[in-house]
Q: 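Before I ask anything, here is the structure I am working with.
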Amino acid sequence: MSSSHSWVLPIFVIGLGASRWAQMLWSVSGIGNWVPRMPGVPIAGALAGRSLWLWLGLLDAMQGVGFGMILMQMLTRIHIAVCLVLAQVLGTVVTMVDKATATDANGPGDVFPNFSAGVMVGLRKP
């Protein structure tokens, strides 16, 4: 179907939702280190957690390709170049401001929810 209609992949991957956010939450919150409800040996839970993290990474990569295809089909080369340069500049400025004003600017801090300790414990750190 994608050979006759080039919008199939972009529309599909946009429908995947926020896979990058889910991947970051899964990997950084500690909940992906060990999935206790997996049957068998404890290593099965660790493998299941990492497998889900890799799957979310694959979905995120597909989403990046889809958004790139949308830009390529809608904009001229000059528009794409300007958008990419402005996005890099804006991202750099936001990162610098974030590093200067973050709560963990002077070292690692406890700023990300840890759902491995429980749902309520994770929700106390938005």
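These numbers come from a predicted model, not from an experiment. We number each residue from 1, following the sequence as shown.
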Q: Could you measure the distance from the CG atom of Leu47 to the CG atom of Leu54? Nearest 0.5 Å is fine.
A: 10.5 Å
Q: Would you compute the distance between atom CD of Gln63 and atom CG of Leu58 and round it to the nearest 0.5 angstrom?
A: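 It is 11.5 Å, given to the nearest 0.5 Å.
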Q: For Leu90, run the side-chain contact (heavy atoms from CB on, under 4.5 Å) check against Thr92, Leu86, Val94 and tell me which one passes.
A: Val94
